[in-house]
Amino acid sequence: MQRMVKRYPEGKHKSALLPLLHLAQAESDGWLSVPVMNRVAEILDIKPIEVYEVASFYTMFNLKPVGKCLIEVCRTSSCWLRGANDIIRHIENKLDIKVGETTADGKFTLTAVECLGSCGTAPMLQIGEDFHENLTYDKVDKLLEEKKNATTHSRYVDHHTFRS
Amino acid sequence: MQRKLLFEHIDTEGIQTFDVYRSKGGYSSVEKALKTMSPDEVVEEVKRSGLRGRGGAGFPTGMKWGFLAKPEGVPRYLVCNADESEPGTFKDRYLMEHIPHLLIEGMITSSYALGANTSYIYVRGEFFYVIRILERAIEEAYKNGWLGKNIQGSGFDHDIYVHPGAGAYICGEETALLESLEGKRGNPRIKPPFPAVKGLYGCPTVVNNVETIAAVCSIVNDGGAAYADIGVGRSTGTKLISASGHINKPGVYEIELGLPVEEFIYSDAFCGGILNGKALKAVVAGGSSVPILPAELILKTAEGEPRLMSYESLADGGFATGTMLGSGGFIVMDESASVVHNLYTFTRFYHHESCGQCSPCREGTGWMEKILHKILEGNGTMEDIDLLWDVQSKIEGNTICPLGDAAAWPVASAIRHFRHEFEEYVKHPARHQQINFYDHCHNLASATT
């Protein structure tokens, strides 16, 4: 955590807030509880409200528990033109949940998100840091099968992401 | 044959690594600048090149650099805007993923010109796998003496750090980006003061797009005049275009500015024509924010001149019959696509991404989404179309940052050019009642990968 703070000038340690929240979320089952956010505030020596107001602003921070595998399907323009809605419906049917819901066994959460910058390889979805592109029903089925037995929560980042 | 300045070596095996990149002449712009040029001479070359901001606004880069304040004893910063989030745009991601050292090289050369000893690359949070790639490239650059203290014995010190965003389109706006980099919500600042005077941590700062910074390498290597030789009029050099939608060959293409739009869409060297041999209906030429144009106006101007891929030609006719080059996010729609539904996805996007600071944008984007949803469901009236026009007209120009305009322009242009399609939804609701969230089906089970 301290090495992230050192990337910013002295006294500007609050700049490390976004990277620290990403790391904290990755280590806290994919979501930020109030105690976790309070701990980040302590580390950075800022007020808890400064963490809450930031965590609630940015889409990537989950303020509620999520399934082990968080599926984010892009639904904007180019992905929509190339069949994103069909992908969403297919996953809904396969998992028997609606967008925004988590399966009863806690394995999957399905969300529809705005443009992920993968328009030339649409339709696509993201799980953790991995982009799954040029989707077909077959590809989705294989992916769901593969993720069924995940033992840890999908994550965008870990301690090896950043240079030490 | 189109010249390539950014992607000349992109297909070279191993170009992501320092050794291969260096063997192809990589880092020569840093060498040339540090050893043979003063910082001001680098700025002059960039001015001479006519390079314009590649993030979307198209502001002359050399002029932006010239505005940078240089008070004694105050650090200056270069911040690279890699928060690429404009729907239809994926060129920066492609560049960083496939040739990361080009960005690092451009960052060092540009920072030398600006007198910045520290720079940041603000990458959108969803691109963490790109952050890994950049971090690896930066590590290699340090190991080989191109970053750190006294680079190549020149006396110039420079450090680069990568900073992740966390899923907010608004942070692509430069002052929101700086707020975010300071660990705050991404609410745009009121300008002035401009970042060139008061930017990151209150210090003079230049914020440039990934592609802009990468272009500096060839400008320094070959001179601004050589760069300005490519292109047409005030649209100099090459541009990365992200092509998506109903085309045979989606992808990122480096083009010389001035290429005819028709050639870009139909040539096998680029988009390769419309998917499944269908007819072209409409194009959003520069990312979701720019006005949509029907086929006849994207291929030719209102005067019947061939439309070119350049800042001026795409804007020919103003918003009445023209559009903008923007970020180069080129979204193509075939005859089967619903312009109204596509607009709905844009408007939902802007509603989701509005930071909430200005009422016209916060409330207006929500209203536009609601009205469009009502029309799509088959419950719209003719008055709703006028109301939609009215709402967008009251957002435009009434917000702190350009997100408001960006949300209004697609709505205005869709009504301007495709009003009949909105009316069709109103007049024949029965045809559209099934069309809500899941229309426009593709048979994905048999789609190729």
Side-chain angles (χ1 to χ4, degrees), chain A residues 7-9 12-19 21-22 44 46 50 53-61 72 75-83 85-90 113-123 126 128-131 134-140 156-157 160-163, chain B residues 75 84-90 93 118 124-129 131-132 135 138-139 161-169 180-186 201 242-246 250-252 284 288 329 331 333 337 341-342 345-346 348-349 352-353 437-442 444-445 447 449:
Chain A
R7 299 161 77 100
Y8 307 95
K12 307 297 179 194
H13 50 278
K14 190 177 170 181
S15 278
L17 182 52
L18 290 188
L21 283 174
H22 277 300
L44 286 177
I46 57 178
E50 293 179 84
E53 67 174 7
V54 163
S56 60
F57 183 86
Y58 295 91
T59 310
M60 287 176 77
F61 298 129
E72 301 175 284
R75 63 180 184 180
T76 319
S77 188
S78 305
C79 273
W80 170 75
L81 286 166
R82 297 298 289 257
N85 285 357
D86 299 319
I87 293 292
I88 295 171
R89 180 178 46 195
H90 183 72
V113 298
E114 300 302 344
C115 185
L116 288 174
S118 191
C119 324
T121 37
Q126 181 168 21
E129 77 172 292
D130 299 324
F131 279 37
N134 293 311
L135 292 175
T136 61
Y137 292 149
D138 271 355
K139 269 197 186 182
V140 170
Y156 301 110
V157 61
H160 303 294
T161 304
F162 297 99
R163 192 165 42 89
Chain B
E84 182 169 66
S85 314
E86 172 91 356
T89 316
F90 45 99
R93 171 188 162 206
T118 305
R124 73 175 291 186
E126 291 89 341
F127 291 171
F128 263 114
Y129 82 96
I131 293 179
R132 278 182 205 271
E135 289 280 18
I138 290 170
E139 182 83 45
Y161 299 103
V162 182
H163 183 96
Y169 168 72
S180 181
L181 186 44
E182 292 180 7
K184 295 181 251 174
R185 294 163 71 93
Y201 310 128
S242 320
S244 70
H246 294 141
V252 180
V284 177
S288 57
I331 307 170
M333 285 172 233
H341 198 136
N342 183 67
T345 77
F346 282 160
R348 182 176 59 191
F349 170 86
H352 184 264
E353 301 301 337
F437 196 63
Y438 296 124
D439 79 332
H440 203 73
C441 289
H442 287 253
L444 285 153
T449 51

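Here is how names work: the chains are called A, B, and so on, in the same order as the sequence lines, proteins then strands, and each is numbered from 1.
- Taking every heavy atom of both residues into account, B:R132 and A:T161 meet most closely at NH2-OG1, 3.3 Å.
- A:W80 and B:H341 have parallel rings, their planes meeting at less than 30° on a 0 to 90° scale where 60° marks the start of perpendicular.
- Taking the side chain as every heavy atom from C-beta outward, A:E53 and B:K184 never approach each other to under 4.5 Å.
- Heavy-atom pairs under 4.5 Å with chain B peak, among A:V140, A:V113, A:T59, at A:T59.
- Summarising the geometry of A:L81 relative to B:A337, their closest heavy-atom pair is CD2-CB, 3.9 Å, with the distance given to 0.1 Å.
- Residue B:E84: no heavy atom, backbone or side chain, is found under 4.5 Å from chain A.
- Among B:E135, B:H352, B:E182, the residue making the largest number of heavy-atom pairs under 4.5 Å with chain A is B:E135.
- Among residues two or more places apart in sequence or in another chain, the ring-ring contact (aromatic ring centres under 6.0 Å, His included) test is passed with A:Y8 by B:Y120, B:H163.
- Side-chain contact between B:I331 and A:C119 is absent, with no heavy-atom pair separated by less than 4.5 Å.
- Only the side chain of A:Q126 comes within contact range of chain B, judged by heavy atoms closer than 4.5 Å.
- Not a single donor-acceptor pair under 3.5 Å links the side chain of A:R163 to the backbone N or O of B:Y161.
- Taken from CG in A:L116 to CZ in B:F90, the straight-line distance is 13.0 Å, to the nearest 0.5 Å.
- Residue contact with chain A, scored on non-hydrogen atoms closer than 4.5 Å, involves the side chain of B:R93 exclusively.
- Per-residue heavy-atom pair counts under 4.5 Å with chain A were compared for B:P164, B:G167, B:A166, and the maximum is reached by B:A166.
- Heavy atoms of B:T118 lying under 4.5 Å from chain A are absent altogether.
- By number of non-hydrogen pairs under 4.5 angstrom with chain A, the leading residue of B:G329, B:G88, B:G251, B:S85 is B:G88.
- Among all heavy-atom pairs drawn from A:C115 and B:P87, the shortest one is SG-CA, 3.5 Å.
- Top candidate by heavy-atom pairs under 4.5 Å with chain B, chosen from A:H22, A:H160, A:E72, is A:H22.
- Minimum heavy-atom separation, A:M60 to B:E126: SD-N, 3.5 Å.
- Side chain of A:S15 to backbone of B:L181: a donor-acceptor contact under 3.5 angstrom is found.
- Per-residue counts of heavy-atom pairs under 4.5 Å with chain B were compared for A:F57, A:F162, A:F61; the largest is that of A:F57.
- Of the listed residues B:S288, B:A243, B:G125, the one with more heavy-atom pairs under 4.5 angstrom with chain A than any other is B:G125.
- Note: A:S77 leads A:S118, A:S78, A:S77 in heavy-atom pairs under 4.5 Å with chain B.
- In this structure, chain A has no heavy atom under 4.5 Å from any part of B:S242.
- Checked by atom type and distance alone, the side chain of A:R82 pairs as donor or acceptor with a backbone atom of B:G245 at under 3.5 Å.
- When side chains are defined from C-beta on, B:S180 counts as touching A:Y58, because their heavy atoms get closer than 4.5 Å.
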